[in-house]
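Below: one structure, written as structure tokens.
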Amino acid sequence: MKLKTKLTLGVGLLFLLIVLLSVIGSVYINKLKSDTEKILTANYNSLEFSKNMLLALDNIDTDSAIAVKDFQKYNKLQEKNLTEFGEKEATQNLNLHFNSYLKGATREKEKLIREDLSRIMSLNMKGIERKSDIAIITAENATFWIVSLGTVCFLIAFILLFNLPQTIAEPIDQLTFSIRQIANKNYSERVHFKGSEEFNSLAESFNVMAEKLQEYESSSLSKQLMEKKRIETLVNNMHDAVIGLDENHFIYMINDEALKITNLHKEEIIGKTAHEVAVNNDLLRELLKNIDHPVKEPMKIVRDNKENYFEQDIIPINITKTGEKEKKYIGKVILLRNITPFKELDFAKTNFIATISHELKTPISAIKMGVQLLGNQKFGALNEQQQELLKSINEDGQRLLDITGELLNLSQVESGNIRLTIEKCSPKEIVQAAVKNVEKLAEQKNISIQSEYVLSEEDYVTADFDKTVWVMNNFLTNAVKHSYQDEAIHIKVEKMDSLIQFSITDTGSGIDEKYHRQIFDRYFQVPGEHQNGTGLGLAISKNFIEKQNGEIGVKSSLNHGSTFYFRLPAA
């Protein structure tokens, strides 16, 4: 039980008993007062009246008129103060005998009057005795309850007096002794209290402190310094830049690579806040700008007249201290990974793809021209098998030509060499140009292409006409490929605030929502579908639209078709 609970119960019970004692005392005192008042107002007055009537009776011989008047006066008062059993009959007899005495005074009649007065006095004396006995009993009961409750209060106070100081003082003495042991570097000392939860919690905190001190004492300073030196050497020899910040953004660590790319000196920044240093350092200022949300795009930093590329990563540092369960945040590390070799390989790959694609495009175009000449039968008639073979060569040649075109576009995207001719274009002309390119492909599956324009003739779009037609063509080609025979593809162009949206809806098998985020990634193809493409078309489309300050997206679900759309700024 908690010490606070014990005190509350003990003192609260004592308080209640004192209140009860006061109430009982007040009740019995009021009762004794009432009993006393009854004796004084009832019986004592009757005795006084009877005594005065006796005196008046004695004075009747000497002063008859006054004595009779006094007797009758006190007799009337007596008639109003009848409180005892039999007192009424005695008073009535007194009246009868006194009236008879007034008509003719005799010794016998006087004697009867005195006997009546004596009876009245006797009844009131007995009443006084009875009421006195009741008052005595009331006093005894009051004494009993007051003494009993007083004894209980005394016992509780006695228990609190001798038990409470010991309950508090003993753990304090033990804790004081243990603190002195800790002060003397006896870190194996532990405290174990029995009793209240407060002292148990105090003992637990003290033991955690002693455990930490013992842990720190057991590890030698030289060992700690060696470990620290080893870690510093390891960090300094990393090819990645490392900057350590504490929970208040003070710089406590920076390696040689970070010093080189930031052009800072270690002595000038250690112990200062990162924001203070960033005032005069553009790179650090850029890093702090993205400290809560690191950018995914690599950072280009020129060093020694050479472009270097780094990926920024923010690593929060959380530790669990000895004796504790919850992790505590103590800072973060800014890590700049040097990806320059990988970037150089990526550039080489892009250049290789661009070169190969460009070199392949010419012979493939020549092959298609030769196939076309053979198909026109200018050099002789072809049998059925030769025509089938020629058709297959033509389809494969077209597929190779499409792939080389996509690879060339991809190389432009990756190298950042996309050339855009942004101008005021008609949305209707963009749609018509794209539809014309896929008409023959749609006719093979008897698919109709329907266009709807929810805008006026004066609405234009700011875009690169050729690149936008290429995106529309890609969307329409995919829609034809994934639509069923004899279906329809719906194109809708509408104005949305300051943007114009182009959407292409098919009635194919649809795309599961879990693939929507990946659908525009390079080389990604929805699993389970028969694919004959490269997975580059949608990725290139995304880059073409975003380079024109537009947006691109998809709305689709399984077995409900797909809607691909893009939005471009209105002119």
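As the structure is a computational prediction, the values presented were derived from the model and not from experiment.
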If we only count heavy atoms from C-beta on, is the [X] to [Y] side-chain gap below 4.5 Å?
{"X": "Val435", "Y": "Glu439", "answer": "yes"}
{"X": "Ile251", "Y": "Met253", "answer": "no"}
{"X": "Ile254", "Y": "Ile270", "answer": "yes"}
{"X": "Thr468", "Y": "Cys425", "answer": "no"}
{"X": "Gln548", "Y": "Ile422", "answer": "yes"}
{"X": "Val431", "Y": "Tyr453", "answer": "yes"}
{"X": "Asn473", "Y": "Trp470", "answer": "no"}

Please report the interatomic distance [atom1]([X]) to [atom2]([Y]), rounded to the nearest 0.5 Å.
{"X": "Leu568", "Y": "Thr462", "atom1": "CG", "atom2": "OG1", "answer": "8.5 Å"}
{"X": "Ile315", "Y": "Ile334", "atom1": "CD1", "atom2": "CD1", "answer": "10.5 Å"}
{"X": "Ile504", "Y": "Leu476", "atom1": "CD1", "atom2": "CG", "answer": "5.0 Å"}
{"X": "Lys332", "Y": "Ile243", "atom1": "NZ", "atom2": "CD1", "answer": "13.0 Å"}
{"X": "Asp313", "Y": "Asp240", "atom1": "CG", "atom2": "CG", "answer": "10.0 Å"}
{"X": "Asp506", "Y": "Lys481", "atom1": "CG", "atom2": "NZ", "answer": "13.0 Å"}

Please identify each residue that fulfils side chain to side chain contact (heavy atoms under 4.5 Å, CB included) with Asn248, with sequence neighbours left out.
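In terms of side chain to side chain contact (heavy atoms under 4.5 Å, CB included), with neighbours along the sequence ignored, Asn248 is linked to Asp246, Phe250.
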Could you check whether the rings of Phe520 and Phe564 sit parallel, tilted or perpendicular, using 30° and 60° as the cut-offs?
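Correct class here is perpendicular.
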Do the ring planes of Phe566 and Phe502 sit parallel (below 30°), tilted (30 to 60°) or perpendicular (above 60°)?
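It falls in the parallel class, under 30°.
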Exam field: side chain Asp464 to backbone Lys467, donor-acceptor pair closer than 3.5 Å:
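A pair under 3.5 Å: yes.
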Backbone N or O of Lys492 within a donor-acceptor pair of the Ser503 side chain at under 3.5 Å?
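Between the backbone of Lys492 and the side chain of Ser503 there is a qualifying donor-acceptor contact (under 3.5 Å).
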Could you tell me if Lys424 sits above the aromatic ring of Tyr460, with its cationic atom closer than 6.0 Å to the ring centre and no more than 45 degrees from the axis?
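Yes, Lys424 lies over the aromatic ring of Tyr460.
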Identify which one of Ser556, Ser557, Ser483 satisfies the side chain to side chain donor-acceptor pair (under 3.5 Å) criterion when paired with Ser562.
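The option that passes is Ser556.
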Flag for Asp459-Ser456: side-chain donor and acceptor within less than 3.5 Å
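There is such a pair between these side chains.
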Selection residues 440-450 - residue pairs positive for side-chain hydrogen bond (donor to acceptor under 3.5 Å, both in side chains), sequence neighbours left out:
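For residues 440-450: Asn446-Asp486.
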